[in-house]
Every structure is written in structure tokens, then in C-alpha cells.
Amino acid sequence: MFELTGKVAIVTGAATGLGQAICVAFATQGASVVPTDLPGVSMDATVEKCKAAGAPEVFPQAMNVTDHAAIQATVAAVKDHFGHIDILASNAGMNKPMPAEDVTPESWDAHFAVNIKGGFFLAQAVAPIMKAQGKGRIIFTGSQAGVVARDNQQPYCATKGGIISMARALAYDWAPTGITVNVVAPTFAMTDLARKRLEDPVYGPKMLAMIPVGRFVEPSEVGSAFAFLASEEAAMITGQTLLVDGGWTIW
Ligand SMILES: NC(=O)c1ccc[n+]([C@@H]2O[C@H](COP(=O)([O-])OP(=O)(O)OC[C@H]3O[C@@H](n4cnc5c(N)ncnc54)[C@H](O)[C@@H]3O)[C@@H](O)[C@H]2O)c1
């Protein structure tokens, strides 16, 4: 069940954190993996972990998701190399928390460029290939911050809420083509993105108290949600947001 044997999966923001865990989850289920991250950022650890997890092939690519030409070039390179692209995990993201009064137009634009615009144009680039195949899986990393408010993170929350709406709209348009489009929305995970805040002796326990399950999510648990939505068994699930939040949003 949930096998991905023979599939090819592109993952963005894959050098570390949740992106790395998504790559490993896909590899564990038998997919070949294309980890991508910013030029100059090492993906060696991800490549090694994917190989150890059993990926038939690992094909790392440097790609800044805000660079439209790089998106086109990467998708073309992956198609040339494998002949097909079955899964896109659009995961690259940034978050610079600050009071609303301090947000600059540049910071606002940067959040939108990385967190939502890049994912949209990557989805646009893989869609013709997936349509020709008659199937495909596009999965975005959202956040509980797209569903509930988080402190001092207005642009971040706006991008993550936007991803949910965007995924629904894409899912609707592409449903007849065999492409499903979904969102995995995690609670806090102890990655580079959140570690500094979660290790704060006041902020960390305050956030933990919001999670009924009583712990932060493990990156591998986010990876498992991606693997499920990427599988054949999830063919009837589209336009949905799967909250992997230990119950944060149920109360
Ligand atoms: N960590 C959490 O608590 C948490 C919770 C909910 C959602 N998320 C989301 O999960 C995703 C991954 O976050 P993470 O916690 O693993 O963070 P992370 O900082 O550990 O990893 C993010 C990765 O994205 C890459 N990246 C940044 N800008 C990029 C760009 N322009 N092009 C390509 N790659 C780029 C970084 O180099 C890095 O490898 C993000 O979308 C984030 O919003 C994280």
C-alpha cells in the first residue's frame, strides 16, 4: 500500500528539514527522487539518506523557486532524464516573524515569491507533462498558520492561507486530467525554520501547550502524509488540506 515504485518525485527546499524528510518518505516507498534547493546549498545529506532509504535513483538539482527560468530548466532536465514526472512536492518556504508595523514591502514580496509564487509556477511547469501522462500528484507544504493565526507572522500566514485557496483552484481546474492537488499543513517541527523560536524557554512551552498530542511534529510524520497523498490510493483526494498538527486546530 502507498507504494511509489517507478515514480519520479521533485521536492523543493529539500536540503534539510521537512523537504529532506519528504524526499526520504518518497524514497522509502520506492520513488526516484529529485531533491532541489537554492544554488550553493548542499543536498549531500538528503542524497545519502534517499539512497539509504532505497531510492532507485537520486537526481539533485539546484533551483531557486523564485527564478522562473530555473524552474523551466529544471523541469525540462528532469523530463529529459527520466521521461516522466509523477509527483511535485512544493515545499520551499521562508518565515521572518516581525510585528506588522515593521513589515517592509520587500519582506512581504519575499514571503510571497518563495512561499506561494514559486510553487504556482512550478505546478504550471509540470502540469503539461502530468496531463500527457493522464495522472500526477502536486502537493504543497502549507501550515497550520494558513488556518489559524500565528503571532507576528502576517505575510507568512497570508502565504499559507493562499496556498490552501490556490490548491483548491488548481485541483478544480485539473481534476479531469488526472492530476490531484493537495496541501499538507503541519504544526511546528524542530527544523532550522522554527528551532530558534521553539528553543526559547517561554515561547517553546507556550506553543507546545497548544498541541493536544503534547509534542511537536516529527519531520518524518510530515513525509508520511506526503507519501500517502502521492500514492495511487489517494487518487480520489483532491483540493484538500491535511492538517498534521497533533490537534492544534481542533479546539
Ligand atoms: N518547521 C515548522 O515548524 C513548519 C511548520 C509548518 C510549515 N512549515 C513549512 O515547511 C516548509 C519547509 O520548512 P522547514 O521547516 O523544513 O524549513 P527549513 O528552513 O529547514 O528548510 C527550508 C528549505 O527551503 C530552502 N529554500 C528557501 N528559499 C528557497 C528558494 N527561494 N528556492 C529554493 N529553496 C529555498 C532552504 O534553503 C531550506 O533548505 C516551509 O514551506 C515551511 O513554511 C514548517
Side-chain angles (χ1 to χ4, degrees), residues 10-25 34-47 49 60-71 73-75 88-97 107 109-122 139-151 153 155-164 166-167 183-200 203-204 207-208 210-211 215-223 225-226 241-246 248-249:
I10 299 177
V11 182
T12 71
T16 182
L18 302 187
Q20 183 179 83
I22 294 163
C23 289
V24 172
V34 183
T36 72
D37 210 296
L38 288 168
V41 172
S42 171
M43 287 182 280
D44 291 353
T46 301
V47 171
K49 287 181 184 205
Q61 298 287 302
M63 177 178 64
N64 182 338
V65 299
T66 70
D67 180 343
H68 198 68
I71 287 175
T74 303
V75 169
L88 167 63
S90 180
N91 163 80
M94 61 168 285
N95 186 13
K96 301 279 177 225
S107 176
D109 287 346
H111 280 86
F112 274 76
V114 178
N115 291 3
I116 185 163
K117 186 178 171 189
F120 175 82
F121 284 104
L122 199 46
I139 310 164
F140 294 96
T141 305
S143 169
Q144 65 185 13
V147 179
V148 293
R150 292 301 320 116
D151 54 316
Q153 298 171 46
Y156 183 76
C157 290
T159 61
K160 293 299 182 178
I163 283 173
I164 291 171
M166 182 176 80
V183 179
V184 172
T187 186
F188 279 111
M190 199 62 95
T191 66
D192 293 347
L193 190 89
R195 184 172 290 110
K196 204 168 151 224
R197 282 174 291 148
L198 296 181
E199 284 178 350
D200 180 279
Y203 192 79
M207 295 303 100
L208 204 51
M210 298 291 289
I211 305 173
R215 60 179 177 82
F216 300 123
V217 69
E218 293 296 329
S220 63
E221 294 172 314
V222 176
F226 270 81
T241 296
L242 179 53
L243 280 143
V244 185
D245 69 352
W248 181 305
T249 56

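All residue numbers in this chain count up from 1 along the given sequence. Ligands are counted one by one from 1 in listed order, and the atoms in each one are counted from 1 as well.
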statement: Shortest non-hydrogen pair, A167 vs F140, comes out as CB-CD1, 4.2 Å
- prompt: What protein heavy atom sits nearest atom 38 (C) of ligand 1, and how far away is it?
  reply: D37 OD2, 3.6 Å
statement: Nearest non-hydrogen protein atom to atom 40 (C) of ligand 1, with distance, is N91 O, 3.2 Å
query: Quick one: does S143 get an N or O within less than 3.5 Å of an N or O on ligand 1?
result: no
field: Spatial distance of atom CG (L38) from atom CE (M43) [nearest 0.5 Å]
entry: 9.5 Å
field: Per-atom contacts of ligand 1 with L18, taking only distances under 4.0 Å to non-hydrogen atoms
entry: 8 (N), 10 (O), 16 (O), 44 (C)
Atom 43 (O) of ligand 1: the protein heavy-atom neighbour that sits closest, reported with distance to 0.1 Å: Y156 OH, 2.6 Å
field: Minimum heavy-atom distance P35-C23, with the two atoms named
entry: CB-SG, 4.0 Å
message: Within the 4.5 Å heavy-atom criterion, are T46 and K49 side-chain neighbours or not?
response: no
query: Strictly under 4.0 Å, does any heavy atom of F216 approach an atom of ligand 1?
result: no
query: Is the shortest heavy-atom distance from the side chain of L122 to the side chain of V75 under 4.5 Å?
result: yes
query: Quick one: which ligand 1 atoms are inside 4.0 Å of a heavy atom on D192?
result: 20 (O)
message: salt bridge (Lys or Arg N to Asp or Glu O under 4.0 Å), that's the test. Do D200 and R197 meet it? Break it down for me.
response: CA-CA 5 Å; D200 180 279; R197 282 174 291 148; over 6 Å; no
- request: Find the distance between CD1 (I163) and CE (M166) and round it off to the nearest 0.5 Å.
  value: 6.0 Å
message: With heavy-atom distances below 4.0 Å as the criterion, list the atoms of ligand 1 near G17.
response: 16 (O), 20 (O)
- prompt: Of all heavy-atom pairs between V217 and P186, which one has the smallest distance, and what is that distance?
  reply: CG1-CB, 4.3 Å
query: What residue and atom, counting heavy atoms only, is the protein's closest point to atom 30 (C) of ligand 1, and at what distance?
result: L38 CD2, 3.3 Å
message: Which of the numbered atoms in ligand 1 are under 4.0 angstrom from any heavy atom belonging to N64?
response: 30 (C), 31 (N), 32 (N)
message: Which option wins on minimum heavy-atom distance to atom 7 (C) of ligand 1: G142, A15, G93?
response: G142
- request: Could you find the nearest protein heavy atom to atom 2 (C) of ligand 1 and give me its residue, atom name and distance?
  value: A189 N, 3.5 Å
- request: Identify the protein heavy atom lying closest to atom 6 (C) of ligand 1, giving its residue, its atom name and the separation to 0.1 Å.
  value: P186 O, 3.4 Å
Option set T191, I71, T187, V244, criterion heavy-atom distance to atom 14 (P) of ligand 1, minimum: T191
field: Heavy-atom gap M63 to ligand 1 smaller than 4.0 Å
entry: yes
query: Is the closest side-chain heavy-atom distance between L243 and Q144 below 4.5 Å?
result: yes
statement: If you scan protein heavy atoms around atom 24 (O) of ligand 1, the nearest is G13 CA, 3.4 Å
For A225 against V244, the heavy-atom pair lying closest together: CB-CG2, 3.9 Å
- prompt: Considering only heavy atoms from C-beta outward, does the side chain of Q153 approach that of H111 to under 4.5 Å?
  reply: no
- request: Identify the protein heavy atom lying closest to atom 20 (O) of ligand 1, giving its residue, its atom name and the separation to 0.1 Å.
  value: T16 CG2, 3.5 Å
Atom indices of ligand 1, in the order listed, that fall short of 4.0 Å to a heavy atom of F188: 3 (O)
task: Before signing off on this row, confirm whether G19 and ligand 1 have an N or O atom pair separated by under 3.5 Å.
output: no
query: What part of V114 sits under 4.0 Å from ligand 1 if we count only heavy atoms: the side chain, the backbone, both or neither?
result: side chain
field: Minimum heavy-atom distance between R150 and A145, given as atom pair plus value
entry: CG-CB, 3.6 Å
query: Judging by distance only, is a nitrogen or oxygen of T141 under 3.5 angstrom from one on ligand 1?
result: no
query: Does ligand 1 have a heavy atom under 4.0 Å from the side chain of K160, from its backbone, from both, or from neither?
result: side chain
query: Within a strict 4.5 Å, meaning less than it, do heavy atoms of the L208 and F216 side chains meet?
result: yes
